[in-house]
Amino acid sequence: MTTHLPILQVIIPLLAAPFCIFLRIPRLVGIFAILVSAAAFLVSCGLLQQVITAGTISYKLGGWPAPWGIEYRIDILNVYLLLLVSAMSTIVLVAAQTSIKKELPEDRHVFFYTSFLLCLTGLLGILATADAFNVFVFLEISALSTYTMIALGTDRRALTASYQYLIMGTIGATFIIIGVGLMYMMTGTLNMYDLAERLPEVNTSRTVLSAFGFFIVGVCLKLALFPLHLWLPNAYAFAPSIATAFLAATATKVAVYLLIRLVFSIFGIEFVVTVLPMQEIFMVLGLAGIFAASVSAIYQLNIKRLFAYSSVAQIGYMILGLAIGTKLGLVATLVHMFNHALMKAAVFLAIGGAVYRIHSAQLIHFAGLGRKMPLTMAAIVIGGLSLIGVPLTVGFVSKWYLVLALLENGWWPVAILVLMSSLLAVMYVWRTVEWIYFTPPRINIDDVTEAPLSQLIPIWILVLANIYFGLNTSLTVGLSKMAAESLYGIFGGVL
Amino acid sequence: MELVLDIISWIFLVTGCFFCLTGAVGLLRFPDFFSRIHAASITDTLGAGLILIGLMFQSGGWGLVMPKLVLILLFSLLASTTASHAIAKAALKSGLKPEVSSADEPSEGESSSKL
Amino acid sequence: MSDLFAVVMLSGIYSLISASLFLDLDAVDVAFTEASVGAGISTLLMLASLKLVSRYQKKTRYKPILAFFVVVTTGAMLIYGTLDMPHFGTADAPVHTHVAPRYLNESMGEIGVPNVVTSVLASYRGYDTLGETLVIFTAGIGVMALLMVSKQTKQESKKLIPADMQQQIILRIVAKMMIPLILMFALYVQFHGDYGPGGGFQAGVIFAAGIILYTMLFGLSTSQEVFKATTIELFTAAGVLLYGGVGVVCMLLGGNFLDYDFLKHDPVHGQHLGILLVELGVGITVASVMMIIFFKFTWRTVKHKYKK
């Protein structure tokens, strides 16, 4: 059975999702979803062990060899993210049990969990596959189920937000498929590693160039790179809290992964930096994203929106890491992907816990909650500190590596800008803290109590993870370094 | 025999084409919706029908092609006439009145000149 | 254009023309799919959703300049991209020399299905097709989740839904004659997919179209007596499970996921059986998802009509 682990990783949630429809009873489906997600997590742990001991695993679907059939190829980068996504989904699903019960009408619970599992399937599928077209298929699965989850939000604006995302996401997906099509046109293959071998022969052609352009723009739409981020704040703000937590923790990370794969495994870093000024473009967009989104975050009235903008800013850091183009920069990006997932999942779950009690995500209604729900609010604060990059939290580790990478490359003005941007993060986090702890309540919160235990436990697991991985970086940094080594290894030479 | 079949088939084909053409002209030139739909349905029934019959003669015996063509003919006769009927009825139901009717015979000139 | 009805019609025409374009390029299967899905069912579903909203677009504050800019840039990029493409039909283009020859030359021996498209779709790249089926299922889930029909509405309108077309005797009679044939044709397309153009996607759509026609003419209540919404919901899932189940069985029999060689002692027979089953799975899911989407839309219309 261990040889089938790569495919089990994806088909467990894949088959579980339609099975939910047969189960019908909401409570049962909820528990079933946790079990499925936990199973996926165990599988990815198994994969991690296999990859570390035996190196890259290849799995031929349908028994057909690679360029003819579809191949799953798990290397250290995949497994790192598979682990992240499946872990996050398990933790979030535990908290979902109570939160969903309150936020959605009962007859929709089954559909929510089904969509959730479908989304998980899509994300895991994108991560595991080594086939460019297969990426598109699973991208569609994750995207469609995401639209559903967002639209299930209680606010009616959730529908508009979902529609907005649908349009943007569809444009992104179309661009990606155009890119894949053009690459197929020039190489006759869809397998990523086969593409990597065959592209250099034709990579001066204009077709490949425009394929690259389409693919990059499509992926950047998906990962909400500034200025293509417009769908994100609304989508995160109006989706059910659980969906927000899951998406914020995983969806954009998977898109970043796709970008990394594209740049490093398919086209190769040499092509990317020589043919187009990608380094400069990414640097400028990354920095612009960090500043613009952080400033917008300061002015938000809805706490979910506030942290959604902060997500856009954090994506800026990841892209900045990529822009550096060195091994250390890549490590910074990878570490930050993991860490940001931890912070945002913690923050959004904690917000979800508060919304569970007060039925509002307006910052103004959070006033005075610090005394009523100390544990939940403390989680938001620690998550916020992590976003700023305070030592002892994971945020510090990310920023440390990013600044290190920037300095190593001699980009010290950018490093200073990154440090300055932390001040903006301080401002929006401080604003939240001010409302929560230092403002008298604006609405009646006398009978508000701590979030239910089933939510507090996942929240605090994440918070403790925030601190643990801030102190002990061997897992995140270790894996990131291995992944970066292997990605640069393919093409040798560090720039 | 071959020649006779060819000639018959071509007669059907050409008449079919003729009806298609008249249908197209009618669709563009007729004054109102109902007469236009009449023109349009001619292309479907007579035009396409005759062309299909013509093709049957070309198909060369009772092979696999012949029954397929018969079926196509049958379906197109059924479906397109019904569709025209449905469209006309829907138009009538939504309040569109034929412009040329026996009641206002004298005003025929006016109404057609309006278009 | 602010008349949405015209927009829907134009998109239908667009699909039909692109279907003929595909036919011209000798991609019969693609053309068939485009005609049945693009021009057929999606136009129908768009019309059904148009019935829920108003026919005319509201005046918008937005200027379409940005959209125009995006479209122009995309078009320019596409044209730029075609400049270095191998010429159309070149025999030594990479597409024809790398992966495709094996599909064309070996598939008869390896899979034994005359229609190469089917063997690529269902076996070589069967996993993609499983993914596509799941996409359709996901769309169905989306519609089911968002357009819930409350029990109350169902109760209230149990006997209240007369078919809108009660009076249309000609239509009803002709449809009665056609519907069995449509369903037969759907089954033919389903099981003939190994030999000619066709397969689960097209068959499912045609089958659903037949049922939808019936629903339109004879009323929702009548058709729901046979096709209960809850049952169809189960069927949407059953199709995916059938597909995935075949894959899992292959795994249990010692092969990789979806390796049909292991289904029977003879690989070619195994491939046959596998393809037949997965196509059936696709057909079931597609047909039931299309039906459920239409039913949900119709329930909404009914709700608006009788809630007053």
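Chain identifiers are assigned alphabetically (A, B, ...) following the order of the sequence lines, protein sequences preceding nucleic acid strands; residue numbering begins at 1 within each chain.
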For chain C, which candidate among L144(A), T121(A), L61(A), L152(A) shows the most heavy-atom pairs at distances under 4.5 Å? L61(A)

Under 4.5 Å from a heavy atom of chain A, the part of Y124(C) involved: both

Part of V248(C) within contact of chain A (heavy atom distance under 4.5 Å): side chain

Flag side-chain contact, heavy atom, 4.5 Å: E110(C) against W68(A): no

Need one label for L15(A): side chain, backbone, both or neither, based on atoms under 4.5 Å from any heavy atom in chain C. both

Quick one: which of F112(A), F214(A), F136(A) has the most heavy-atom pairs under 4.5 Å with chain C, could you say? F214(A)

Return yes when atom CZ of F22(A) has more than 12 non-hydrogen atoms of other residues, nucleotides or ligands closer than 6.0 Å, and no otherwise. yes

Less than 4.5 Å to any heavy atom of chain A: does that hold for the side chain of Q271(C), its backbone, both, or neither? side chain

Taking side chain as everything from C-beta outward and backbone as N, CA, C, O, which of these in I11(A) sits under 4.5 Å from a heavy atom of chain C? Side chain, backbone, both or neither. side chain

Are the side chains of F137(C) and I21(A) in touch, meaning some heavy atoms are under 4.5 Å apart? yes

Quick check on F138(A) against chain C: is it the side chain, the backbone, both or neither that has a heavy atom closer than 4.5 Å? side chain

Exercise: identify the closest heavy-atom pair between V135(C) and V137(A): CG2-O, 3.9 Å

Quick check on L190(A) against chain C: is it the side chain, the backbone, both or neither that has a heavy atom closer than 4.5 Å? side chain

When you measure from the side chain of R108(A) to the backbone N and O of A145(C), does any donor-acceptor pair fall under 3.5 Å? yes

What do you reckon, are the aromatic ring centroids of Y127(C) and F133(A) less than 6.0 Å apart? no

Exceeds 12 heavy-atom contacts within 6.0 angstrom, atom CZ of F32(A): yes

Nearest non-hydrogen partners of S210(A) and G81(C), listed with the distance: OG-CA, 3.0 Å

Which heavy atom in A237(C) sits nearest to a heavy atom in P18(A), and how many Å separate them? CB-O, 3.3 Å

Contact check, side chains of H4(A) and N256(C), non-hydrogen atoms, under 4.5 Å: yes

So H98(C) and D194(A), do their side chains get closer than 4.5 Å, heavy atoms only? yes

Is there a side-chain contact between T207(A) and T82(C) (heavy atoms, below 4.5 Å)? no

Between M144(C) and V110(A), is a side chain to side chain contact (heavy atoms under 4.5 Å, CB included) present by the stated rule, with each step listed? CA-CA 11 Å; M144(C) 285 189 247; V110(A) 175; over 6 Å; no

For F227(C), does the CZ atom sit with more than 12 other heavy atoms under 6.0 Å from it, leaving out its own atoms? yes

Could you check which of V70(C), L78(C), V120(C), D261(C) has the highest count of heavy-atom pairs closer than 4.5 Å to chain A? L78(C)

With chain A as the partner, which of I136(C), V99(C), L134(C), T285(C) has the greatest number of non-hydrogen pairs under 4.5 Å? V99(C)

When you compare the side chain of F111(A) with that of L146(C), does any pair of heavy atoms fall below 4.5 Å? no

Which answer fits T74(C), side chain, backbone, both or neither, if we ask what part of it has an atom under 4.5 Å from a heavy atom of chain A? both

So for F212(A), is it side chain, backbone, both, or neither that comes closer than 4.5 Å to the heavy atoms of chain C? neither

Going by side-chain contact (heavy atoms from CB on, under 4.5 Å), name the residues that satisfy it together with N105(C), two or more places apart in sequence or in a different chain. P101(C)

Do the non-hydrogen side-chain atoms of V217(A) and M77(C) ever get within less than 4.5 Å of each other? no

Given that the side chain runs from C-beta out, which part of L130(C) has a heavy atom under 4.5 Å from chain A: side chain, backbone, both or neither? side chain

Compare every heavy atom of Y103(C) with every heavy atom of P67(A), then report the nearest pair and how far apart it is. O-OH, 4.3 Å

If I measure from the heavy atoms of chain C, does P6(A) come under 4.5 Å with its side chain, its backbone, both, or neither? neither

Highest number of heavy-atom pairs under 4.5 Å with chain C among E140(A), R24(A), M149(A) belongs to R24(A)

Count the heavy-atom pairs under 4.5 Å between each of I70(A), T114(A), I178(A), L104(A) and chain C, then report the option with the highest count. I70(A)

